[in-house]
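Step one of this worksheet: look at the structure below.
Here, residue 1 is the first one in the sequence, and each next residue gets the next number. As a basis for the values below, the full set of heavy atoms in this structure was taken, side chains included, without hydrogen atoms, waters or symmetry mates. Whatever order the structure lists ligands and atoms in, that order sets their numbers, starting from 1.
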Amino acid sequence: MNTSDYLVLGSGIAGLIFALEVAEHGRVSVLCKNAPDEGSTRYAQGGIASVTSPLDTFQAHIADTLDAGDGLCNEEIVRMVVEDGPERIEQLISLGTQFDRKDESDDYELGREGGHSARRILHARDATGAEIHRAIFARASAHPNIDILPYHIAIDFITCDNPDARGGKEVLGVYALDIQSNEIKTFAAKLTMLATGGAGKAYLYTSNPDVATGDGIAMSFRAGARVANMEFFQFHPTCLYHPEAKSFLITEAMRGEGAKLINLSGQRFMPEYDKRAELAPRDIVARAIDREMKKTGDDYVLLDISHRDEKFILDRFPTIAERTRELGFDLCKEPLPVVPAAHYCCGGVVSDSWGRSDLARLYVAGETAQTGLHGANRLASNSLLEALVFAHRAARHALAHGEYSEIPRVVPEWDSLDTVKSSEEVLVSHSWDEVRRTMWNLVGISRRDKRLELARRRIEQIAAEVKDYYWSYQVTSDLVELRNIITVALITIHCAARRRESRGLHFNSDVPNHDDENWLIDSVVHASDISLV
Ligand code: FAD
Ligand code: SIN
């Protein structure tokens, strides 16, 4: 058994910030299921929202966040996150992150994105996440108290009963598959931080990297924690449409710098949908593109920034310019074909204001968590900020509360039963594809009751097939992830079907309006609500 004081699942911004803070007081093991930089953090483009300019105010950032969240944000949490922002930005800078500054001045060059009433996005060109990850990973990997274990995929929590915990259990550690040696290992710790990121891979088209399979959400749900608001899956309006451009995002910051959306007849369409046009919040822009594509029958729309000065474009968006050039486009001279794709999971494991989940000894932060910040729709560039704030608060809480001062010494061993090696991997890949396709076609940007019901039936059927398979064959990472995207899909469908209104990111054309009287509430789901794999 591997033991440490703190066990961290995930090496993105949330996991590494927590690890760095608690490492001053104990030994930390960080598990990540791929290379340490393979997660959404590294791919973040636009930047991180925080009030750092005298022309901006906390009040304005709070108002924009609440407006995007469409009535479901927790206002206290919004205030806390926004007001803690500048200190967290200073923390990132002290760890070595370099944000762009204006020429010959100490002022940050601030970007603008949809739904923001001011320029407030700190960024490093169009590769902000890569710069943040570079800096914090360098610190974490050099820290004598931190062990980073790549290619270890957590399978399930190890728990025992705890009647005082809301979820009735406490977390002693995890079973994890060492993907390189194919061995199941046991990890135990005083406290565990869950920072496993998002779940975009539940959909066929996504901006997310392959690791985003909602593992943390599914594991917590199985262990008895509440999960909430999974119907609010954010679709980013502009991912590159190209057969070779898997998951390549075109940052919203480009629209912030004046890029226009046009259809294939050359007409600009966003002003017809919202007075903020291209800078309306994401739910509005993604739905408008979806409608435009359905209206015209075209497979994509166009995003055009070619009216801006070439030097400006190349300085501000070098990563996008390079990648699109490789694919045969000249961003400075022609528009790019774009489509919406699944981007951000606003729902997740319910957390309190200190990052505590319903399971004792388990904290949660980053995209896996549902903190109340985003409500029914996340404001652009608020997620890196949320991850920072909650990882920091969870670390403070963990250090201040010593009740779990013992590392569990005896935990149940992993039971591999009578499983054998599978010779039918094709069943796993086929089910993967079917889940993702079903979610894309039936639980996408625009929903209907009938389609949700069809999706539920189909995914339940796949769940039953995979359940048999799961308990008969040796565990592989593909199988672990398949089981998790099925769980995420079932929870998402359950939340979407139950909400009898449209709000924020959840649009159901059978109930197209808000119902504030009945539905100004989170969609909270518990394992007893759904039959699982
Ligand atoms: P991640 O950075 O996704 O890290 C997840 C970690 O968990 C990885 O290390 C992974 O290996 C590990 N993991 C997952 N499952 C397991 C398991 N079972 N066992 C062990 N390890 C596991 N937000 C913004 O605020 N601004 C932006 O500009 C922005 N741009 C974005 C651009 C793109 C293309 C994408 C995809 C997202 C963007 N976002 C942006 C969202 C933001 O990047 C993410 O919400 C945030 O980085 C999530 O951080 P995290 O630490 O929660 O998870
Ligand atoms: C982007 O750069 O458009 C992504 C920003 C975000 O997801 O917050």
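- For a threshold of 3.5 Å applied to N or O pairs, the pair formed by Q45 and ligand 2 contains no separation below that value.
- Distances between N or O atoms of V211 and those of ligand 1 include no value under 3.5 Å.
- Using a 4.0 Å heavy-atom cutoff, L249 is listed among the residues neighbouring ligand 1.
- The distance from ligand 1 to the heavy atoms of G39 drops below 4.0 Å at these ligand atoms: 2 (O), 3 (O).
- The proximity of Q45 to ligand 1, defined as any non-hydrogen pair under 4.0 Å, is limited to the backbone.
- For ligand 1, the polar-atom distance check finds an N/O of L384 within less than 3.5 Å of one of the ligand's N/O atoms.
- Atoms of ligand 1 lying under 4.0 Å from at least one heavy atom of A14, given by number and element, are 51 (O).
- Within the structure, salt bridge (charged side-chain N to carboxylate O under 4.0 Å, His left out) pairs that include any residue of residues 171-183 comprise D178-K185 (at least two apart or interchain).
- With a 4.0 Å cut-off on non-hydrogen atoms, D215 touches ligand 1 through its side chain and not its backbone.
- For G366, no nitrogen or oxygen atom sits less than 3.5 Å from a nitrogen or oxygen atom of ligand 1, counting backbone and side chain alike.
- Less than 4.0 angstrom separates some heavy atom of S11 from each of these atoms of ligand 1: 6 (C), 8 (C), 9 (O).
- When non-hydrogen atoms are compared, ligand 2 lies under 4.0 Å from the side chain of R282 (C-beta onward) but not from its backbone.
- Of the candidates G129, A154, A35, A154 brings a heavy atom nearest to atom 19 (N) of ligand 1.
- Every N/O-N/O distance between I48 and ligand 1 stays at or above 3.5 Å.
- For ligand 1, the polar-atom distance check finds no N/O of T368 at less than 3.5 Å from any of the ligand's N/O atoms.
- Atoms of ligand 1 lying under 4.0 Å from at least one heavy atom of R378, given by number and element, are 23 (N), 24 (C), 25 (O).
- Between R42 and ligand 1 there is no heavy-atom distance shorter than 4.0 Å.
- Using a non-hydrogen distance threshold of 4.0 Å, L249 registers as a contact of ligand 2.
- Short contacts between ligand 1 and H152, defined as distances under 4.0 Å to a heavy atom of the residue, involve ligand atoms 19 (N), 20 (C).
- Using a 30° and 60° split on the angle between ring planes, F18 and Y363 fall in the tilted class, from 30° to 60°.
- Residue contact check: G10 has heavy atoms under 4.0 Å from atoms 6 (C), 7 (O), 9 (O), 12 (C) of ligand 1.
- The shortest N/O to N/O separation between T41 and ligand 1 falls below 3.5 Å.
- Interface of G46 with ligand 1, defined as ligand atoms under 4.0 Å from a residue heavy atom, comprises 28 (O).
- Of the polar atoms of N208, none of the N or O atoms is found under 3.5 Å from an N or O of ligand 1, judged by distance alone.
- Distance from atom 21 (N) of ligand 1 to its nearest protein heavy atom, with residue and atom name: K33 N, 3.3 Å.
- Checking only distances, Y344 never comes within under 3.5 Å of ligand 1, N or O to N or O.
- Counting only non-hydrogen atoms, the option in G47, P36, A218 that gets closest to atom 28 (O) of ligand 1 is G47.
- Ligand 1 has no atom lying under 4.0 Å from any heavy atom of A387.
- Side chain of R42 to main chain of A130: no donor-acceptor pair is present (N/O by atom type, distance under 3.5 Å, no hydrogens or angles).
- Not a single heavy atom of Q234 lies less than 4.0 angstrom from ligand 2.
- Using a 4.0 Å cut-off between heavy atoms, E38 contacts ligand 1 through its backbone alone, with no side-chain atom that close.
- Backbone and side-chain nitrogen or oxygen atoms of A44 are examined, and none is located within less than 3.5 angstrom of a nitrogen or oxygen of ligand 1.
- In this structure, I13 counts as a contact residue of ligand 1, since one of its heavy atoms falls inside 4.0 Å of the ligand.
- Applying the salt bridge (charged side-chain N to carboxylate O under 4.0 Å, His left out) test to residues at least two apart or on different chains, the pairs with a partner in residues 361-385 are E170-R361.
- Not one N or O of M219 is nearer than 3.5 Å to an N or O of ligand 1, by distance alone.
- Between A253 and ligand 2, no N or O atom pair is found at a separation short of 3.5 Å.
- Under the 4.0 Å criterion applied to side-chain N and carboxylate O atoms, R483 and D156 are assigned as salt-bridge partners.
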